[in-house]
Amino acid sequence: MLIPSRDSGFNHPHSSEITPRSVYEDRRQMLKLMAGGAAGAVLASWAGREALAQQAPRPGKLAPLAGARSAVPGAVSMEKLTDYKDASTYNNFYEFGTDKADPARNAHTLKTTPWTVEVEGLVKKPGKYGIEDLLKLSAQEERIYRLRCVEGWSMVIPWVGYSLAELIRRVEPQGGARYVEFVTLADKTTMPYVGSRVLDWPYVEGLRMDEAMHPLTLLAFGMYGEVLPNQNGAPVRLVVPWKYGFKSAKSIVKIRFVEKEPGTAWNKAAKQEYGFYSNVNPDVDHPRWSQATERRIGEDGLFAKKRKTQMFNGYEAQVGQLYAGMDLKKFY
Ligand SMILES: Nc1nc2c(c(=O)[nH]1)N[C@H]1C(S)=C(S)[C@@H](COP(=O)(O)O)O[C@H]1N2
Ligand SMILES: [Mo]
C-alpha cells in the first residue's frame, strides 16, 4: 500500500519496489517450465488440480487443518498455486511492519490462543466466540482463490475456512443492519507498529451486507491444509477474492453489524486512493498507477510476463450482479 507522504517522514513502499527474484529463482522457473512443457502452468481439469495438489504437499510447519473441496461456484481456481514459501514470506500486515518481509520476521510475537471474536451491533444473537467454537461452527472447505493486492501483485492460495454467511445466518442480523464492520487486533505489546502513525489502529474493514453474505466471502482459518501462519492473519481472517487485498482483514477480533458504511483503515489514510468498495477493476486506475496488469508472485523473474487484471479479479460471473447499475468509477 502506498499513501501520500504526510508529516510522519515515513517512507511508504512503492508498487515498483516488488522485490526482484534472484537469478536462482529464474533458473528454477526455467527448469520447471522445461519439465512441465510450455503448457505446464495451465491446467484445466480436476486431474490437473490433483496433480498440482501433489506438487504442493502440506508444508508441515503448523497444525493441520483440512477442508473439503468447495462446491461454491468459482471457489476453486485451477491456476497453479503460489508456493507456500512466497505466500508466507511476502505479506502485507502493517501491524508488524511495512516491508513485505516484516510480517514473517516479526509476527511470531502474536498470541493466537486464547482468541475471542465478538459479534455485536445490530444482531439478534450477539456474543463472544472462542476460536475453537468458531472453527467448528461450520464445515471447513478448501477454496483456491486469487488474491490481488492493490499494489499490483497477485497470488493463488488454497485457503481453508467457510463462508462468512454461515456465521451471519447464525447470529441473525436485525433489519437495520446494512453493513458489516471487521475490527482487527491492535495490541501494542505484541504488534510493533501499532501506535505508529502509518495507519489509524485498529485496522478496520467493512463490507455491504450482500457482499458479506456472498458465498465467496470466506472466513479463513487456514491455508495449504494447515492453520494460518501468524503473518497471514492467524487465527482468523477474511478473504474477499474479488476485492483488492486490503479488504481481507487479518486477525479479526470483532464483527459488528451496523447501519452506516463503516470507515475503513485505508480509506481513512488516503480517501482519494482507497474507496470503500475497492473492487478489483482494471478500468479504474489508482490515482498514481494503472491497475490494468498484475504480477503473479513467483513469476516475477526473467521469464515474467505481466498478466492482465480481470474485472472483479475474475469473479465477475459470481459477483457482478451485486453492482448492477452502480458507477464503479464513483464507487471505487
Ligand atoms: N489487520 C490487517 N489486515 C490486513 C492488512 C494489514 O496491514 N493489517 N493488510 C491487507 C493487505 S494490503 C493485503 S494485500 C492482504 C495480504 O494478505 P496476505 O499477506 O495473506 O497475502 O492482507 C490485508 N489484511
Ligand atoms: Mo494489499
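Remember, it's 1-based here, ligands and their atoms both numbered in the order they're listed.
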- Task: Would you mind listing which atoms of ligand 1 come within a distance below 4.0 Å of any non-hydrogen atom of Y94?
- Result: 6 (C), 7 (O)

- Query: What orientation do Y162 and F221 show, parallel under 30°, tilted 30 to 60°, or perpendicular over 60°?
  - Reply: tilted

- Message: Is the contact between F246 and ligand 1 made by the side chain, the backbone, both, or neither, using heavy atoms and a 4.0 Å cut-off?
- Response: both

- Message: At less than 4.0 angstrom from any non-hydrogen atom of K250, what atoms of ligand 1 do you find?
- Response: 1 (N), 2 (C), 3 (N), 4 (C), 16 (C), 17 (O), 18 (P), 19 (O), 20 (O), 22 (O), 24 (N)

- Message: With a 3.5 Å distance limit and no angle check, can you tell me whether R148 reaches the backbone of W242 through a side-chain donor-acceptor pair?
- Response: no

- Mind checking whether Q231 has an N or O less than 3.5 Å away from an N or O of ligand 1? no

- Note on the structure: Counting heavy atoms under 4.0 Å, the part of E95 that contacts ligand 1 is side chain

- Under 3.5 Å: N/O of N92 near N/O of ligand 1: yes

- Item | Numbered atoms of ligand 1 (with element) below 4.0 Å of T184, judged on heavy atoms | 1 (N)

- May I ask you to decide if the ring planes of H286 and Y274 are parallel, tilted or perpendicular, using 30° and 60° as cut-offs? tilted

- Message: Using the ring centroid of each side chain, check whether F93 and F96 are separated by less than 6.0 Å.
- Response: yes

- Task: Check ring-ring contact (aromatic ring centres under 6.0 Å, His included) between Y129 and all other residues, then give those that pass, not counting sequence neighbours.
- Result: none

- Task: Find all atoms of ligand 1 within a distance of less than 4.0 Å from any non-hydrogen atom belonging to C149, and give their numbers and elements.
- Result: 14 (S)

- Report yes or no: does a heavy atom of M223 sit under 4.0 Å from some atom of ligand 1? no

- Under the 3.5 angstrom rule, does the side chain of K243 hit a backbone N or O of Y277 as a donor-acceptor pair? yes

- Message: For F312 and Y323, I'd like to know if the aromatic rings sit close, meaning centre-to-centre distance below 6.0 Å.
- Response: yes

- Taking heavy atoms and a distance under 4.0 Å, where does R237 meet ligand 1: side chain, backbone, both or neither? side chain

- Query: What side-chain hydrogen bond (donor to acceptor under 3.5 Å, both in side chains) pairs are there with at least one residue in residues 180-191, not counting sequence neighbours?
  - Reply: E181-R256, D187-T189, D187-T190

- Message: Tell me whether Y90 has any N or O atom under 3.5 angstrom from an N or O of ligand 1.
- Response: no

- Any non-hydrogen atom of G233 lying under 4.0 Å from ligand 1? no

- Message: Any nitrogen or oxygen of S248, side chain or backbone, less than 3.5 Å from one on ligand 1?
- Response: yes

- Query: Counting only N and O atoms by type, is there a donor-acceptor contact under 3.5 Å from the side chain of T264 to the main-chain atoms of F276?
  - Reply: no

